[in-house]
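Reviewing the structure listed below.
Here, residue 1 is the first one in the sequence, and each next residue gets the next number. When a ligand or atom number is given, it counts from 1 through the structure's own listing order.
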Amino acid sequence: MTLEELLRSVTERSVQYLVGLQKGNVFPSSEAIDALAKLDEPLPDGPGDIETVIGLLDNIGSPATVLTAGGRYFGFVTGGSLPAALAANWLAGAWDQNAGLKVMSPIASVIEKVVLGWLLDVLSLPAEVGGGFVSGATMANFTALAAARHAILKKQGWDVEAKGLFGAPSVMVIVGDEVHVSLLKALSLLGFGRERVIRVPVDGQGRMRADALPELTEPAIVCIQAGNVNTGAFDPANEICAVAQRAGAWVHVDGAFGLWAAAAPVYAQLTSGFEKADSWATDAHKWLNVPYDSGIIFCRNPEHLCGAMSTTAAYLTTGEQREPHHYVPEMSRRARGIEIWAALRSLGRSGLSDLIERTCNHARRFASSLTEAGYQVLNDVVINQVLVAFGDAETTRRVIAGVQADGTCWCGSTEWQGHTAMRISVSSWATTDADVERSLEAILRIAKKETG
Ligand SMILES: *Cc1c(COP(=O)(O)O)cnc(C)c1O
């Protein structure tokens, strides 16, 4: 098989897979998962036929995928792949560019610069902000907090990149009690520790209570959220930023998906005040719907980001212009800006706003139908997240298990302020009204059976 024939055949296989998304159960069958055992074979002694290799992957792998690319997956916060983003991903795969250095890929470095400008525009962030492309919000949180650590300690006369944290001036780190685990992980990787942080009490929606902020008596980093992973709620950024800025503290925003509300005029108000922060982390693989993996770190003063991230070596040419690897932890990496560019270039401002509004409308449709049927929606559905309880914890768990086994759609579970709840996150461009109705029919049918 020639390379050309191989790529044409894999295109056909991919098309068949994507066409099948409409029909299939969202979660693979246990037979399909059991069949994965066939992949557990000894490493072949020599080269094999490529068609056989790809055939094996498709025939065994495709049935064992979760249909997160389709319109009826509502677990975690999961986007699909916009057509333009998927197509760009294929082309970029053929290009195989290393986006770490400008000299290794003019296209990757130029497109990243263009895309950064567009992102600041749609996310309503200040024009002076710089940024970089990473694997997701976890790495974006990590990178942003490294910039924060750099800046805060530099102000104290301490070069943390050179000297490390042993003996460094103390830094207060403040998070809301509903902080995302990835942010705690980032703090632990940076030597701040998961447990020495100050956790600020939250309200019934999971928003950090500005009135409960401790006095900022030391150099401080305050981490706030745009979009709680369960409720979708936004911390009161205006109030917190005002307090933090009076104390000279750094404000970091975990806006993995919520930050995108800024791109839809109807929801933009929710993100008011977040533009006053010093750094932001967001995902492109969630609400923007580009293929995994893709996240973005933004930093108000790019010098702090570079201060934490840049490397120099004689063989790494540097010039006057932006060197992509000076803004992120990685050196070699794939050119993530390409899919983001394709997504934004194909949607335009109104297409992006429509994507945000449409998914939020779907979430509200879920919430109103479930409420009407007598079930308890636990959160204010401000964006795309719905938490629903079907009675006591045991009953709710049975409904969730029933929904997952039924396969029409997939929703996960959570514990929300003492309640067990099913999470519905509508984050995919592919979700249609028909998908929502079909999923609601299944959820209500199963809930009715379980609550008898
Ligand atoms: C998803 C999420 C993260 C982690 O993002 P990854 O892309 O999985 O690394 C962090 N914070 C919030 C609020 C999230 O929703």
Side-chain angles (χ1 to χ4, degrees), residues 66 68 73-81 85 119 123 131-146 148 175-190 194 197 199 202 205-208 221-235 237 251-262 270-271 274 277 279-298 328-330 333-334 336 339-340 343 356 359-360 363 379 382-387 411-416 421 423-428:
V66 177
T68 49
Y73 187 83
F74 307 112
F76 307 95
V77 181
T78 306
S81 288
L119 288 167
L123 299 175
F133 297 84
V134 291
S135 56
T138 302
M139 278 310 287
N141 278 327
F142 170 82
T143 310
L145 291 167
V175 301
D177 206 28
E178 275 293 338
V179 59
H180 193 272
V181 286
S182 72
L183 197 123
L184 294 175
K185 178 173 183 172
L187 290 171
S188 78
L189 292 172
L190 288 162
R194 292 170 202 260
V197 299
R199 296 178 80 114
V202 296
Q205 298 299 316
R207 290 176 291 230
M208 184 191 280
I221 301 171
V222 182
C223 305
I224 59 175
Q225 271 190 148
N228 173 280
V229 75
N230 283 313
T231 63
F234 293 72
D235 286 345
V251 179
H252 169 66
V253 177
D254 178 0
F257 61 101
L259 214 51
W260 293 88
L270 292 167
T271 63
F274 285 93
S279 60
W280 302 260
T282 196
D283 268 318
H285 57 220
K286 286 180 178 167
W287 227 351
L288 182 61
N289 281 260
V290 307
Y292 291 104
D293 46 20
S294 189
I296 310 139
I297 145 76
F298 297 104
V328 293
E330 298 92 343
R333 65 181 168 83
R334 66 184 203 91
R336 297 191 180 91
E339 297 121 1
I340 302 178
I356 302 302
T359 39
C360 291
N379 65 316
V382 290
I383 46 171
N384 62 335
Q385 305 290 118
V386 182
L387 297 180
C411 302
S413 66
T414 192
E415 293 296 320
W416 179 250
R423 293 177 74 256
I424 304 173
S425 172
V426 190
S427 308
S428 177

List the steps and the verdict of side chain to side chain contact (heavy atoms under 4.5 Å, CB included) for H180 and V229. CA-CA 7 Å; H180 193 272; V229 75; 3.8 Å; yes

Any chance you could lay out the side chain to side chain contact (heavy atoms under 4.5 Å, CB included) test for V179 and R199, step after step, and finish with the verdict? CA-CA 8 Å; V179 59; R199 296 178 80 114; 3.7 Å; yes

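Closer than 4.0 angstrom to ligand 1 sit non-hydrogen atoms from G136, A137, T138, H180, S182, G227, V229, D254, A256, F257, D283, H285, K286.
There is a side-chain donor-acceptor pair under 3.5 Å between N384 and S427.
A 4.5 Å side-chain heavy-atom check between D177 and M208 finds every atom pair outside the cut-off.
A salt bridge links R334 with E339: the distance from a Lys NZ or Arg NE/NH1/NH2 to an Asp or Glu carboxylate oxygen falls below 4.0 Å.
With W287 contributing its side chain and L259 its backbone, the two residues share no donor-acceptor pair below 3.5 Å.
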